[in-house]
Amino acid sequence: GKAGDLMIDIAKLKNEDIGRWVFYTPFCGGSVEKGRIKSWNEKWIFVVYLCNDEWDSFQDYTGQATNPEDLRFVNKVI
């Protein structure tokens, strides 16, 4: 399938998806970042990227508004 098939559909996100690992791939081809979903609204997914590797407390950190088209779920934690 096309790459777009993997984008995250906000309409299908559920409470269980909070804390799921995602990869952010910038449209311009910058470096991929790993983060965890904190919340979302109709347009943006808020992802915590940098938290001093304190991933167990990721919800204490500010989520960055991210375009869902730039996000993919991580199938396994790396």
Side-chain angles (χ1 to χ4, degrees):
K2 301 184 302 297
D5 296 343
L6 296 168
M7 66 171 273
I8 296 174
D9 184 347
I10 285 187
K12 294 184 178 158
L13 287 175
K14 308 185 217 33
N15 282 341
E16 306 92 84
D17 292 319
I18 292 171
R20 277 187 75 178
W21 293 94
V22 290
F23 283 135
Y24 165 69
T25 307
F27 181 74
C28 56
S31 59
V32 173
E33 291 188 63
K34 187 176 72 169
R36 295 183 78 177
I37 293 176
K38 182 174 183 181
S39 60
W40 58 87
N41 58 23
E42 300 83 43
K43 183 174 181 190
W44 304 105
I45 298 177
F46 295 89
V47 180
V48 174
Y49 295 107
L50 296 172
C51 57
N52 300 323
D53 276 331
E54 294 177 18
W55 290 109
D56 292 337
S57 337
F58 78 100
Q59 287 182 300
D60 296 338
Y61 291 81
T62 303
Q64 311 259 12
T66 309
N67 185 332
E69 292 179 15
D70 296 335
L71 289 172
R72 307 282 180 272
F73 282 126
V74 178
N75 291 327
K76 55 184 186 297
V77 175
I78 53 155

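If you're wondering where the values come from, they're calculated on a predicted model, not measured in any experiment.
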Fill in: Distance (rounded to the nearest 0.5 Å) between I18 CD1 and F58 CZ
7.5 Å

Item to complete: Drop me the distance from L71's CG to E33's CD, to the nearest 0.5 angstrom.
Response: 10.5 Å

Discussion item. One pair to check against side-chain contact (heavy atoms from CB on, under 4.5 Å): D17 and K12. What are the steps and the verdict?
Written reply: CA-CA 10 Å; D17 292 319; K12 294 184 178 158; over 6 Å; no

Worksheet item: How many angstroms lie between atom OG1 of T25 and atom CD of E69, to the nearest 0.5 angstrom?
Response: 12.5 Å

Practice prompt. Begin with the C-alpha distance, continue with both residues' side-chain angles, and end with the deciding distance and a verdict on side-chain contact (heavy atoms from CB on, under 4.5 Å) for R20 and R36.
Written response: CA-CA 5 Å; R20 277 187 75 178; R36 295 183 78 177; over 6 Å; no

Fill in: Gap between atom SG of C51 and atom CD of Q59 - 0.5 Å precision
11.0 Å

Fill in: Least distance between heavy atoms, K43 atom then P68 atom
O-CD, 3.4 Å

Worksheet item: Roughly how far apart are N67 CG and I10 CD1, rounded to 0.5 Å?
Response: 8.0 Å

Worksheet item: Hey, mind stepping through L13 and I45 against side-chain contact (heavy atoms from CB on, under 4.5 Å) and telling me if it holds?
Response: CA-CA 10 Å; L13 287 175; I45 298 177; 3.9 Å; yes

Worksheet item: If you look at every heavy atom in P26 and S31, which pair is closest and at what distance?
Response: CD-O, 3.4 Å

Discussion item. Restricting to non-hydrogen atoms, name the atom on Q64 and the atom on T66 that form the minimum distance, rounded to 0.1 Å.
Written reply: O-OG1, 2.9 Å

Worksheet item: Quick one: ring pair (Phe, Tyr, Trp, His ring centres under 6.0 Å) pairs with a partner in residues 35-56, sequence neighbours left out?
Response: W21-W55, Y24-Y49

Worksheet item: With sequence neighbours left out, what residues match E54 under side-chain hydrogen bond (donor to acceptor under 3.5 Å, both in side chains)?
Response: Y61

